[in-house]
Amino acid sequence: MPPPAIDLKTHLSGLFETALEVVAPEATDTPVVLERPKVAAHGDFACNVAMQLARRLKRNPREIAQRIIDQLPTSPWVARAEIAGAGFINLFLRPEAKRAVVQRIFAEGDAYGRVTVGAGKRVQVEFVSANPTGPLHVGHGRGAAYGASLANLLEAAGFDVAREYYVNDAGRQMDILSVSAWVRYLELFAEAVPFPANGYQGDYVRTRAAEMKAVDGDRFSRPAAAVTEGLPDAPEGDEAAVEARMDALIERAKQLLGPDFDRLTLFVLERQLEGIRDVLGRFGVTFDQWYSERSLYDSGRVARALEVLEANGHLYTQDGARWFRSTAFGDDKDRVVQRENGLFTYFASDIAYHHDKFQRGFDLVVDVWGADHHGYIPRVKAALSAFEIDPERLVVPLIQLVALFQGGEAVKMGKRSGSYVTLEDLMDDVGVDATRYFYLARKCDQHLDFDLDLAKSQSNDNPVYYIQYAHARVSSVLEEWGGDRAMLRASDLAPLDTPAELTLLQRITDYPDTIEFAARDLAPHVIAFYLKDLAADFHSYYNGTRFLVEDEAVRNARLALVLAVQQVLRNGLRLLGVGAPERM
RNA sequence: GCGCCCGUAGCUCAACUGGAUAGAGCACCGGCCUUCUAAGCCGGGGGUCGGGGGUUCGAGUCCCUCCGGGCGCGCCA
């Protein structure tokens, strides 16, 4: 029997489509969906197309099913087809058809599982995009793990993927960071300026100050009196006064430092981004581009985007501010793009940013955001609509909160108290593989309870080791065997016929479908669950069957199977950014 | 008050976008290491899919309603 030129499922769907042309020529657009039945008695694949057609054809589904079966072309892969239940058509494959996947995996290797749904389409995945004003925390880590794996997944689905980090390096938060670092810097010159109540408190700010001194000496130093003179008081607890004092301090810094304020800001920004890039790199997360918000202003893109909206009558002035009429495109209320004081809002640069994304030619843009930003989606989509860009081309998966648990208790975190756990702490404590797996073992829009004890445990309770162990076990067996792996590619697979073997064959056959489904749903967790199931099938097989037996034909067939299983495990783990160790 | 998300076994979560008997892990009980790694396997108990109504051949999944939890509703980012 020749190996299939196309994959099994495509072949089977084709059989149904041929039959439909005869049975229901007026309804050949009905999609043929093949499912894996939960019960073995229902065959290897089940098709519900007869039931789908019942309504349109106004006929009994079982009768339609029989007519389809009568018209199914004979196939070397199909043993028989039968009607079951309300009108399911159950297909039973010949054993050779089930075994063929092993050869396919050997032929495709690392590329096994790649599908073509995204072929010819460019997609951008923007993720993390944390403010450079502080270290990454465990919430950012989840976005990083999700975005990175999603990008891998989309690539496997055939998309041309660009990974991007949007750097919020403009605006007031950045100014506050600069001023915070500056005050710490002044302390190094014994210029005691009271640290602002809403400044960034972390130790990293002192580090930046020390770096500034090391590089630029006293260049930014000014007398404390000149800095504080005339600043408004900020009584503790009076938030408005605290903010007002900060604004005055920012103004004072710009005034005293002149052009050097920008130099200082860029210096601090550079170091902050370096730290973020470094942590993410160690976490296995990289980007094709770091896109600066600042550059949107410097290049005139913000002004240009707003001009386009203006020219099309989507902007108006009220109460001294400029508004975007987002309600014209389904938003709850109109939104300010330029404040009364002349400053642009964050939304203004975001309009320009998304305008620019689509001008760069992406067919699809994925923004990975924290769930607390969900109210922001309608206005961004409204902006796209105003640019006559189909808002459906922007998809925004929302990442829910992460709560750390240790000893059964929630680990308390508060940004104010500075007691929050950073991504760096987490990955140093738990390890990169376990951290990435735990982040991905849940749907992204589901709250995640991250059990630190479990993630750290090197035990059978820990799912990530469970999967890696399956991979390592295959290596161990092959090493024990000591033969030439390439030789296994030519093994005759006919001896594979036990239930455990057929289960494994079915599982690895489903891998490309799993990729396609997970990619369509933007759901890397599907891969995590799949790998756990595959590992379970393997461990069960391992425990019940000895591979290194005397009978060479049987031995080679079994080794070929587990070698194929190992390939699939490795391919899947790579998508998740989790290592596939040879031994543990 | 309005909008979005969520509610499935004691706990943490799946469920192929409407399919056949709702599945895993943890926890609990009982077995398996002189044989390729026991970070493993095998068996067992455990469910009103938050409640109620509707749509249809068929609903955990879609619609309505109520209950319960989270988040959002700035000329903040």
Side-chain angles (χ1 to χ4, degrees), chain A residues 33-39 41-42 46 48 51-52 54-55 60-62 84-88 90 131 133 168 170-174 243 293 318-323 332-333 335-347 349-350 370-378 398 400-401 405 408 441-443 445-449 451 454 457-470 472-481 510 513-514 516-518 520-521 525-526 528-530 532-533 535-536 538-549 555 558-559 562 583-584:
Chain A
V33 178
L34 290 171
E35 296 179 328
R36 286 293 200 178
K38 291 173 200 149
V39 186
H42 293 152
N48 67 357
M51 289 180 288
Q52 300 293 347
R55 208 163 307 168
N60 182 328
R62 286 186 66 100
F88 288 100
N90 293 336
N131 279 337
T133 50
N168 294 114
R172 185 162 180 269
Q173 294 306 316
M174 196 63 224
E243 299 299 334
E293 180 186 9
Q318 187 180 310
D319 303 330
R322 285 175 92 200
W323 298 70
D332 292 338
K333 51 181 79 169
R335 308 291 173 177
V336 170
V337 292
Q338 189 173 21
R339 288 183 256 165
E340 204 177 353
N341 64 9
L343 294 177
F344 291 102
T345 61
Y346 177 84
F347 182 43
S349 46
D350 241 9
D372 55 341
H373 286 65
H374 75 258
Y376 201 77
I377 298 171
L398 297 172
Q400 273 292 357
L401 295 175
F405 281 79
R442 201 116 313 163
K443 275 189 294 201
D445 58 0
Q446 197 81 245
H447 281 273
L448 173 62
D449 289 339
D451 186 334
L454 178 59
S457 76
Q458 306 221 337
S459 76
N460 46 358
D461 297 349
N462 196 331
V464 66
Y465 295 129
Y466 182 84
I467 297 168
Q468 291 182 319
Y469 186 42
R473 267 185 154 175
V474 175
S475 291
S476 175
V477 169
L478 293 171
E479 200 173 316
E480 180 71 23
W481 169 63
D510 288 343
D513 274 349
T514 305
E516 185 168 332
F517 174 76
R520 197 176 63 222
D521 250 24
H525 79 276
V526 168
F529 280 94
Y530 170 87
K532 207 164 75 167
D533 289 341
F538 171 78
H539 286 309
S540 180
Y541 181 45
Y542 179 94
N543 274 274
T545 309
R546 193 167 167 77
F547 308 151
L548 301 178
V549 292
R555 184 175 69 224
R558 290 178 179 168
L559 289 175
V562 299
R583 61 171 57 90
M584 293 173 70

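Below, chain A is the first sequence line, B the second, and so on; all start at residue 1.
- The side chain of A:K443 approaches B:A15 more closely than any other nucleotide in the set B:U35, B:A20, B:A15.
- A:H447 does not qualify as a stacking partner of the B:G70 base, lacking a centre-to-centre distance under 5.5 Å together with planes within 30°.
- Rounded to the nearest Å, the gap between the C1' atom of B:G54 and that of B:G46 is 32 Å.
- Look at B:G1: its Watson-Crick or wobble partner, with both distances under 3.5 angstrom, is B:C73.
- Pairing of B:C28, defined by two Watson-Crick or G-U wobble distances under 3.5 Å, is identified with B:G44.
- Nucleotide B:A15 forms no Watson-Crick or G-U wobble pair with any nucleotide shown, as no partner meets the under 3.5 Å limit on both distances.
- Partner assigned to B:U56 is none, using Watson-Crick or G-U wobble distances below 3.5 angstrom.
- Residue contacts for A:F347: at a heavy-atom cut-off of 4.0 Å it reaches no nucleic acid atom on any strand shown.
- Taking the side chain of A:R473 as heavy atoms from C-beta on, and the options B:C13, B:C75, B:A38, the nearest nucleotide is B:A38.
- Using cut-offs of 30° and 60° for the angle between ring planes, the A:F547 and A:F538 rings count as tilted.
- Remark: ring of A:F529 not stacked against base of B:A14; the cut-offs of centroid gap under 5.5 Å and plane tilt under 30° are not jointly satisfied.
- When heavy atoms are screened at a 4.0 angstrom cut-off, A:Q338 is found touching no nucleic acid atom at all.
- Once rounded to the nearest 0.5 Å, the distance linking OG of A:S476 with CH2 of A:W481 reads 14.0 Å.
- Atom name P, nucleotides B:U56 and B:C63: the rounded distance is 16 Å, in whole Å.
- No hydrogens or angles were tested; on distance alone, nothing pairs the side chain of A:H373 with the base of B:G72 as donor and acceptor under 3.5 Å.
- Comparing A:A54 and A:G171 by the nucleotide of RNA chain B that holds the closest heavy atom to each, the one mapping nearer the 5' end is A:A54.
- Between A:E340 and A:R322, none of the side-chain N atoms (NZ, or NE/NH1/NH2) sits under 4.0 Å from a carboxylate O, so this pair counts as no salt bridge.
- Using C1' as the reference atom, B:G45 and B:U55 are 38 Å apart when rounded to the nearest Å.
- Relative to the side chain of A:M51, the nucleotides B:C75, B:C57, B:U35 differ in distance, and B:C57 lies closest.
- The residue among A:D372 and A:M584 whose nearest nucleotide of RNA chain B is located toward the 5' end is A:M584.
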